[in-house]
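All values reported here derive from a predicted model rather than from experimental measurement. Reminder, nothing fancy here: chain letters follow the sequence lines and each chain counts from 1.
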Protein chains: 2
Amino acid sequence: MLTRTPRGSSNRDSLLARGVMLWRCIADDYEQTILIGKYDNGTKLPPESEIAARYGVNRHTVRRAMAELGTRGLVRTERGIGTFVRTDKMDYPIGQRTRFSEIVAAAGHEAEGRLQGHRHEPASAEIAAHLGLKVGTDVVRLEILRAADRVPISVATTWLPAARYADAGKVFRRLQSMTRTLDHYGITGYARKWTRISAGFADAVDAGRLRLSVQRPILVVESLDVTGDGEPLLTTRGRFAADRVALTVES
Amino acid sequence: MLTRTPRGSSNRDSLLARGVMLWRCIADDYEQTILIGKYDNGTKLPPESEIAARYGVNRHTVRRAMAELGTRGLVRTERGIGTFVRTDKMDYPIGQRTRFSEIVAAAGHEAEGRLQGHRHEPASAEIAAHLGLKVGTDVVRLEILRAADRVPISVATTWLPAARYADAGKVFRRLQSMTRTLDHYGITGYARKWTRISAGFADAVDAGRLRLSVQRPILVVESLDVTGDGEPLLTTRGRFAADRVALTVES
DNA sequence: CCAACTTGTCTATTCGAATAGACAAGTACG
DNA sequence: CGTACTTGTCTATTCGAATAGACAAGTTGG
């Protein structure tokens, strides 16, 4: 070990923004490089010790930065081997039978759905039209964060008629899945009726939940699911991290 | 004092970016609000204690944020009175007799010029043309940060012929002023020959030196000064913080 | 199997961010 | 003058960022 520069100068200064932690600066620096497309998918990064030396920081600090990049879904680390760049996007098929947990499981990942919050509210004109209700009817609103292998994929706002699904929030929080929640209400065969896709930028709240930098692109997916009888069941407005997902529409 | 929320929740969460210090988040939040133009110039901000309560943080943390906004030139604090928004831009007249220290002094502020670095280098085609030298001739290059009342106003790169001003770096570092540096070489009556103004965005280095957020607009001012005899003296490429300066061209 | 290399985890220490409280110093107003 | 209010400064404490070092656990290649 040479370890000069015990405290000061090096490549650090060119990154160090006042009031921003070192590991965050390093993580952001790597994110830029990766998102620019400088690395191919699967490229092996240098060993942590080498990166630490190049930045003039401790190895633990680099580990913290890499952990951050892991939660952002930009790298994948394997013990004893190394850290690899991950630029492939998860394929997310959209069709009549669109179930997050099943899609993720089919892709060989671990699905997770966490309820961020829920409340009752009167239906807006748009929500009422989707669900076939009168404006102002009581509806349940759920905010759900979905992740695959602990990497956030999407945040979704879902509305259901309160008349039948008043406790949907509590049920979801326990069962952690929309499929199982509806099953709890006796709904088994439900289907996607329509899906509308647009794009935009993540606001501060969504960016935080999705562990994205602000102003990264997102895919906005609005949809309506119906019961087997064709009755409106739930409508959703989901925001997908466009850096991590590609939507495939079945036809 | 009510001081609930000893550690958690409040308006904090909506701001708190992971890896970014609290005071920085608050400062950036205020900067956004100010630059959007929500406050008129001179508007009095609420007392520190009140701001602290609104964000759910300690008063010291607010003070740190306000200190940051002060160095960015966005607020001005007066003891015993309060903190005031500062959106007025300093008027910077450009004419034949353009001397930073004189302009700033005339506006009632304290001028400061700090040398960031200096070196000799061969003249590029552009610099050579400006100074009337052959390409590759040895020139002295100075990087100067200028501030008024401790608020950074501009960073400037200045080139002089090395033949006569070889030690310009050391001299400037001692005298802290271009006017005095030239005076040291016996140059008293020099004048602006031409000025070219354009605009762009601050890169990471300039943003750091000017204490700006990255990607804030800057005014790029290229100019040539000549001696009393009309001989090319020095050429400069200055980058001014557009949020703090308005250039006035005399005609 | 063994040696070299890389990531994971542990302990200890230093330094600054953030909190908490108290008081000084300045201004404004009746 | 004196009270109320606001900013400035000080001390003390807690918690996490960053450093430092050592070793365990895993992979690779001879």
Trainee: Which residues pass the side-chain hydrogen bond (donor to acceptor under 3.5 Å, both in side chains) test with Thr158(B), sequence neighbours left out?
Mentor: Thr236(B)
Trainee: How many Å lie between CG on Asn58(A) and P on dT13(C), as a whole number?
Mentor: 16 Å
Trainee: In whole angstroms, how far is the C1' atom of dG8(D) from the CE atom of Met66(B)?
Mentor: 15 Å
Trainee: Considering only NZ, NE, NH1 and NH2 on the basic side and carboxylate oxygens on the acidic side, decide whether Glu50(A) and Arg54(A) come within less than 4.0 Å.
Mentor: no
Trainee: Please determine, for the side chain of Trp23(A), which listed nucleotide (dA17(D), dA17(C), dT19(C)) has the closest atom?
Mentor: dA17(D)
Trainee: Below 4.0 angstrom, N of the basic side chain to O of the carboxylate: do Lys89(B) and Asp243(B) qualify?
Mentor: no
Trainee: In terms of side-chain heavy atoms of Met21(B), which of dT19(C), dA20(D), dA17(C) is nearest?
Mentor: dA17(C)
Trainee: So that I can tick it off, tell me whether Asp28(A) and Arg72(A) are bridged by a salt bridge, with the cut-off set at under 4.0 angstrom between side-chain N and carboxylate O.
Mentor: yes
Trainee: For DNA chain C, which residues in residues 43-52 of chain B have a heavy atom at a distance below 4.0 Å?
Mentor: none
Trainee: Verify the contact: side-chain N or O of Arg63(B) to OP1 or OP2 of dG8(D), cut-off strictly under 4.0 Å; return yes or no.
Mentor: yes
Trainee: Write down the distance between CZ (Arg64(B)) and C1' (dT19(C)), rounded to a whole number of angstrom.
Mentor: 15 Å
Trainee: Looking at DNA chain D, which of residues 78-88 of chain B put a heavy atom within less than 4.0 Å of it?
Mentor: Glu78(B), Arg79(B), Gly80(B), Ile81(B), Gly82(B), Thr83(B)
Trainee: Does Tyr92(B) have any ring pair (Phe, Tyr, Trp, His ring centres under 6.0 Å) partners at least two apart in sequence or in another chain, and if so, which?
Mentor: Phe240(B)
Trainee: Anything under 3.5 Å between a donor and an acceptor, one on a side chain of residues 170-178 of chain A, the other on a protein residue two or more places apart or in another chain? List them.
Mentor:
residue, atom, partner, partner atom, Å
Ser177(A), OG, Thr179(A), N, 3.2
Ser177(A), OG, Arg180(A), N, 3.3

Trainee: Are Arg146(A) and Ser101(A) close enough, and set up right, to give a side-chain hydrogen bond (donor to acceptor under 3.5 Å, both in side chains), and what steps lead you there?
Mentor: CA-CA 9 Å; Arg146(A) 292 195 163 90; Ser101(A) 50; over 6 Å; no
Trainee: Could you check whether Arg114(A) pairs with Glu112(A) (Lys NZ or Arg NE/NH1/NH2 to Asp/Glu carboxylate O, under 4.0 Å)?
Mentor: no
Trainee: May I ask you to say whether Arg209(A) pairs ionically with Glu143(A), meaning some side-chain N is under 4.0 Å from a carboxylate O?
Mentor: no
Trainee: Provide, to the nearest angstrom, the distance between the NE2 atom belonging to His60(B) and the P atom belonging to dA22(C).
Mentor: 12 Å
Trainee: Does Arg97(A) pair with Glu102(A) as a salt bridge, N-O distance under 4.0 Å?
Mentor: yes
Trainee: What distance do Ile218(A) atom CD1 and Ser198(A) atom OG have between them, rounded to the nearest 0.5 Å?
Mentor: 8.5 Å
Trainee: Send over the distance from Arg24(A) CZ to dG16(D) P, rounded to a whole Å.
Mentor: 18 Å
Trainee: Taking only the side-chain heavy atoms of Arg59(B) (C-beta and beyond), determine which of dT9(D), dA17(C), dA18(D) contains the nearest atom.
Mentor: dT9(D)
Trainee: Which angle, to the nearest 10 degrees, lies between the helix axes at the two ends of the helix from dC1(C)-dG30(D) to dG30(C)-dC1(D), each defined by five pairs?
Mentor: 20°
